[in-house]
Amino acid sequence: MRKKRSLNIRTHIFMPEETETLKRYRDGQKDYRLKLRFIALLLIAGNTGTEIVAAAVGKDIRTVETWYGKYLTHGPDALNSFQYQPKRCFLSDDQLADMIAWVKKELPSDTKVICHYIREQTGIAYCQSAVAKLLKKKRTETTPSEADSGKTSVRKRTNRFY
């Protein structure tokens, strides 16, 4: 059974100007997920326990505690964006350029073929979905059907991997 843990919300007393700042942040949000963070903090400011706040906003207690901790340590600006950092590609820029050039030249019929090529050339194993995302991100827009016809024209981007 998971041990319940909860921050002691009594350690920080919200001043009226803090509450007003939180209301401004809440009212200025266009994204409901960010707005929800400030709603949770306003509930905490009203001396509502984190368990009740978590249930009210539909989030895990740890999530609400994380928001509260970020607010206490970094202020409301820390909660005003998602601050997402994308993962770096395992391939170097040169390896990526070589792979894209190979795809445009050879026009492979499947991501499995591209995965095999990457593994042979670099020793890095990518799954098919990761290769598809990588190609989509790099906008390689050639199609496998062009390999059969010998054409090298570029078609409009579709939802496929190429």
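As the structure is a prediction and not an experimental result, all values here were calculated from the model.
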Please enumerate all residues that pass side chain to side chain donor-acceptor pair (under 3.5 Å) together with [X], with sequence neighbours excluded.
{"X": "Arg24", "value": "Thr21"}
{"X": "Gln29", "value": "Asn80"}
{"X": "Tyr25", "value": "Asp77"}

(message) Taking CG in Asp27 as the centre, count heavy atoms belonging to other residues, nucleotides or ligands within less than 6.0 Å. Is the count above 12?
(response) yes
Rounded distance (nearest 0.5 Å) linking atom [atom1] of [X] with atom [atom2] of [Y]:
{"X": "Ile44", "Y": "Ile52", "atom1": "CD1", "atom2": "CD1", "answer": "11.0 Å"}
{"X": "Arg33", "Y": "Lys59", "atom1": "CZ", "atom2": "NZ", "answer": "8.5 Å"}
{"X": "Gln128", "Y": "His116", "atom1": "CD", "atom2": "NE2", "answer": "13.0 Å"}
{"X": "Met99", "Y": "Lys104", "atom1": "CE", "atom2": "NZ", "answer": "10.5 Å"}
{"X": "Thr111", "Y": "Lys133", "atom1": "OG1", "atom2": "NZ", "answer": "12.5 Å"}
{"X": "Thr66", "Y": "Asp60", "atom1": "OG1", "atom2": "CG", "answer": "8.5 Å"}

(message) Among residues at least two apart in sequence or on other chains, which ones pass salt bridge (Lys or Arg N to Asp or Glu O under 4.0 Å) with Asp98?
(response) none
(request) For Lys35, enumerate each residue passing the salt bridge (Lys or Arg N to Asp or Glu O under 4.0 Å) test, keeping only those at least two apart in sequence or located in another chain. (result) none
(message) Assess the residue pair Trp102 and Ile114 against the criterion (side chain to side chain contact (heavy atoms under 4.5 Å, CB included)); give the C-alpha distance rounded to whole Å, side-chain angles, the decisive distance to 0.1 Å, and a yes or no.
(response) CA-CA 9 Å; Trp102 179 82; Ile114 301 170; 4.0 Å; yes
(message) Is there a side-chain contact between Val113 and Glu106 in this structure, where contact means two heavy atoms from C-beta onward sitting under 4.5 Å apart?
(response)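 Counting from C-beta outward, Val113 and Glu106 never come under 4.5 Å.
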(request) Could you check if a side-chain atom of Leu22 sits within less than 4.5 angstrom of a side-chain atom of Tyr71, using non-hydrogen atoms only? (result)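 Yes; the side chains approach each other to less than 4.5 Å.
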(request) For Ile118 and Ile124, work out which heavy atoms get closest and say how close. (result)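 Looking at all heavy atoms of both residues, the shortest contact is CG2-O, 3.5 Å.
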(request) Go through the steps to decide whether Val103 and Tyr117 satisfy the test side chain to side chain contact (heavy atoms under 4.5 Å, CB included), and finish with yes or no. (result) CA-CA 10 Å; Val103 168; Tyr117 172 81; over 6 Å; no
(message) When you measure from the side chain of Arg37 to the backbone of Ser81, do you find a donor-acceptor pair of N or O atoms at a distance under 3.5 Å?
(response) yes
(message) Taking Leu43's backbone N and O only, do any of them form a donor-acceptor pair with Thr48's side chain (distance below 3.5 Å, no angle check)?
(response)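 Confirmed, Thr48 side chain pairs with Leu43 backbone.
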(message) Quick one, Leu41 with Arg26, criterion side chain to side chain contact (heavy atoms under 4.5 Å, CB included). Give me CA distance, side-chain angles, the key distance, then yes/no.
(response) CA-CA 10 Å; Leu41 287 175; Arg26 176 201 62 197; over 6 Å; no
(request) With side chain to side chain contact (heavy atoms under 4.5 Å, CB included) as the test, would you mind laying out the steps for Thr19 and Leu42 before giving the verdict? (result) CA-CA 7 Å; Thr19 305; Leu42 285 167; 3.7 Å; yes
(request) With sequence neighbours excluded, tell me which residues meet side-chain contact (heavy atoms from CB on, under 4.5 Å) with Ala130. (result)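 Counting only residues at least two positions away or on another chain, Ala130 forms a side-chain contact (heavy atoms from CB on, under 4.5 Å) with Tyr126, Cys127.
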